[in-house]
Amino acid sequence: MRGTTLRRNRGNWLLPLVTFLLLALVTLATWHWQLRLETHAEELANNQESAAITAEIRDRLNLHGQFLRSLQAFATAAPMQDLATWRRFAKAMETEGSLTGMFAFAYAPVVHGDAAESFQKSSKIPVDRSRLRIFPKTDSRLVLPLVFIAPESPALQAVIGFDLLSEPTRREAINRAILTGKIAMTAPIELQPDKGKKRPGFQMVQAIFHDRTLTSRLDTNKRAFAGVVLTAYRFDEFMSSFKLPLGSRFVLQIFDESLAGDSAEASVPTLIYNSDPSHSIGDAPLLHHEIDFGGRNWILHFYLNSHANKGLDTPALVLYGGLLGSLLLALLVHHLATHRERAERYALSLTRELSEHRDHLQELVHERTASLESALQQARAASQAKSEFLANMSHELRTPMHAILGFVELGNRRAANANDPRITQYFQRIDQSGQRLLTLIDELLDLSKLDAGQMALHPITFDVLALVKQVGAQLESLLIDRKLQLDISNLAASTRLTADEGRITQVICNLLSNAIKFSPEGGCIRIEISEAKLPAGRRVEDSGLQTALAISFIDQGIGIPSDELEHIFEKFVQSSATKNGAGGTGLGLAICRAIVAQHRGTIAAHNNPGPGACFVVTLPLNCWMEKSGQHD
């Protein structure tokens, strides 16, 4: 017995163990795949971000180069010996915006060595400078003293008169600018205001010539050489002006080397910028980019920032989460395997219960089907009885009423021949009451048919505008009696409509009669026809909108209370503001709503901004469903 139990326990653990091993293999494969994806994505992100940083530095250098060329154009076009002109130009340059990172810009004319003393004496500016002093003294035949510099500050004013050709680094860049006629950039230098501070900087130089025809010889170009314009930068300020996302991903180091090969010193790359001085330069860079500009080559080395937040480690999460999930699933399989017998018994019990419910459900379905069939037969019988009642009532009520009205008309003529005013008045009142009762009977029968769905539509295509004018002509006598003016306007491109013309005529006549009844004497009734939109249908498969026509009946009466705008369309209901003995059964608007609804349209009422109310009937252009051939 114990041996059987032991074998059974071993068998129960076999399936969970196999499940765990298979899921662990799948997890390891997924982890390896996710690790490769993340490595590829990180490499792509590193390449894109480093390329964006390199492009931003290159674009900024080109932008400052454009400024230097505009400074050259200004110096070439206007003599740079007038301080007021220079100050106006410097003030017009917005260096704080797109030219951030620039320390200063200046102009230096060429002076031959034998004319240096006379140049110093003739360069007195009568505004705020003493005589110009060229320094340091050299034995060179040419000197390039700084004459104008911006912005004007005490530190920069002290640099005026400095000979740019006195230092080999600046001289090398100036000679390259003279030889090529293009912008030349210096190797790392110390700017004059930063002497002794070991704060590296650089300059961009653009040569100015009397004659723009250049050759490939330096001595020939120097004869037409007139001076230089330059821009000066500190490396730390220049790099801090960029919006570089270095703190999150990279440590950036920039090295400078010469492209021209004019000097042995320039051939050795020199570190000019390091975003993180604590980073070891000896490490191999992750990415390498170069920027060639002005005869210099900037080498950009990108290192991964070890202090950056790497975010969520997705591969590790997949590995640990997958292994944990595999273990839990294996335990679940073991739990299910040990309870298999109980599950089987429970399944058998459920099967028996489901069979019993199935048999009972069939009995319930048969009973409900029989009940529905009985209810359907009763409903059909009631509908048939209602139809027969409506037909009988139509005959039984109309026939005697027409007979009464006929005798009233006969008595009215005889009373008129007898010349008895009182009897004539009696017969007129009987005729009015009979006509009103006949109208009520007609409205009741029409409403009953509409509610029962027995009112069949006979759609034809007709012109709504012509129908409105026709109804207006029929009611012209009522308009004349109340001295009312009828204004009919059409705002629609087409007024053709497919509907039951007789029923639409009944709606128009009812609404226009109400407008005449409740309008003050001497007023105006407007009927406007315009284009509108209605939902395509009430079924699930119907969607979108369909084109419709809106007919608005606008009067100048007393209006309708706002809380009764919907209530007035109910049966036997009249507005509290119009219960003034003007007549009416309270069925006209209910019949109008039923007719419009049968045409798949809408009818609504609202008050005008001024006096009066407005009833709007919106009807689809075609109430007949062409697909089924039946009315919806």
Side-chain angles (χ1 to χ4, degrees), residues 390 394 439 442-443 445-476 478-479 486-516 525-555 569 587-605 614-632:
L390 289 175
S394 174
T439 302
D442 292 338
E443 291 177 348
L445 293 176
D446 288 344
L447 189 60
S448 298
K449 290 181 180 180
L450 287 169
D451 290 342
Q454 301 297 324
M455 185 71 74
L457 295 182
H458 303 283
I460 62 171
T461 301
F462 59 93
D463 190 345
V464 174
L465 179 59
L467 183 61
V468 170
K469 293 181 179 179
Q470 178 183 348
V471 174
Q474 293 174 359
L475 301 179
E476 185 178 2
L478 299 178
L479 293 168
L486 180 61
D487 181 13
I488 302 174
S489 61
N490 176 31
L491 304 178
S494 174
T495 57
R496 304 288 292 176
L497 189 70
T498 300
D500 191 320
E501 185 177 9
R503 293 301 173 184
I504 301 302
T505 302
Q506 186 178 355
V507 172
I508 296 173
C509 184
N510 194 314
L511 294 178
L512 182 55
S513 299
N514 286 346
I516 295 173
I525 299 173
R526 289 188 295 116
I527 301 179
E528 295 181 356
I529 303 175
S530 60
E531 295 179 352
K533 296 290 184 180
L534 282 174
R538 299 187 294 270
R539 295 171 297 189
V540 176
E541 61 269 18
D542 295 329
S543 62
L545 299 175
Q546 62 176 332
T547 307
L549 281 180
I551 311 173
S552 302
F553 298 83
I554 307 169
D555 61 50
F569 290 100
L587 291 176
L589 292 179
I591 293 175
C592 289
R593 167 166 284 188
I595 293 174
V596 172
Q598 196 174 11
H599 282 79
R600 299 185 296 120
T602 61
I603 181 171
C614 176
F615 287 82
V616 182
V617 176
T618 307
L619 297 169
L621 295 183
N622 189 353
C623 71
W624 195 252
M625 304 303 294
E626 295 181 356
K627 292 182 179 180
S628 62
Q630 297 180 354
H631 180 66
D632 183 16

Would you check, one step at a time, whether the test side chain to side chain contact (heavy atoms under 4.5 Å, CB included) holds for Ile516 with Leu475? CA-CA 9 Å; Ile516 295 173; Leu475 301 179; 4.1 Å; yes

Any side-chain heavy atom of Leu512 within less than 4.5 Å of one from Leu486? yes

Does some side-chain heavy atom of Asp500 sit less than 4.5 Å from a side-chain heavy atom of Ile595? no

My understanding is that only one of Leu467, Thr461, Leu465 makes a side chain to side chain contact (heavy atoms under 4.5 Å, CB included) with Asp463; could you say which? Leu465

Minimum heavy-atom distance between Thr618 and Ala550, given as atom pair plus value: OG1-CB, 4.1 Å

Is there side-chain contact between Leu589 and Leu511, with at least one heavy-atom pair below 4.5 Å? yes

Closest heavy-atom pair and its distance - Phe462, Ala499: CE2-O, 3.6 Å

Whether the side chain of Arg600 engages the backbone of Leu534 through a donor-acceptor N/O pair (distance < 3.5 Å, no angle test) should be reported. no

Ile527 CD1 to Asn490 CG distance, which is reported to the nearest 0.5 Å: 12.0 Å

Approximate separation, where rounding is to 0.5 Å, of Asn514 CG and Asp555 CG: 9.0 Å

Any Ser489 side-chain heavy atom under 4.5 Å of Ile529 side chain: no

Where is the tightest heavy-atom contact between Cys614 and Ser552, given as atom of each residue plus distance? SG-CB, 4.1 Å

Please list, chain by chain and in numerical order, all residues satisfying side chain to side chain contact (heavy atoms under 4.5 Å, CB included) with Glu476, sequence neighbours excluded. Ile480

Any side-chain to backbone donor/acceptor pair from Glu531 onto Ala493? Under 3.5 Å, distance only. yes

Nearest atoms (heavy-atom pairs only) where Leu621 meets Leu497: CA-CD1, 3.5 Å

What distance separates Ile508 CD1 from Lys469 NZ, expressed to the nearest 0.5 Å? 13.0 Å

Indicate yes or no for a side-chain donor-acceptor contact from His599 to the backbone of Leu619 under 3.5 Å, with no hydrogens or angles considered. no

Identify the heavy atoms of Gly588 and Asn510 that sit nearest to each other, and give their distance. CA-ND2, 3.1 Å

Is it the case that the side chain of Gln546 and the backbone of Pro535 share a donor-acceptor pair, with hydrogens and angles ignored and the cut-off at 3.5 Å? yes

Once rounded to the nearest 0.5 Å, what's the spacing between atom CD1 of Ile504 and atom CD of Gln506? 9.5 Å

Flag side-chain contact, heavy atom, 4.5 Å: Val616 against Phe553: no

Cys592 SG to Arg503 CZ distance, which is reported to the nearest 0.5 Å: 11.0 Å

When rounded to the nearest 0.5 Å, the distance separating CZ of Phe615 from CD1 of Ile603 is 7.0 Å

So which heavy atom on Leu549 is nearest to which on Ser494, and how close? CD2-O, 3.7 Å

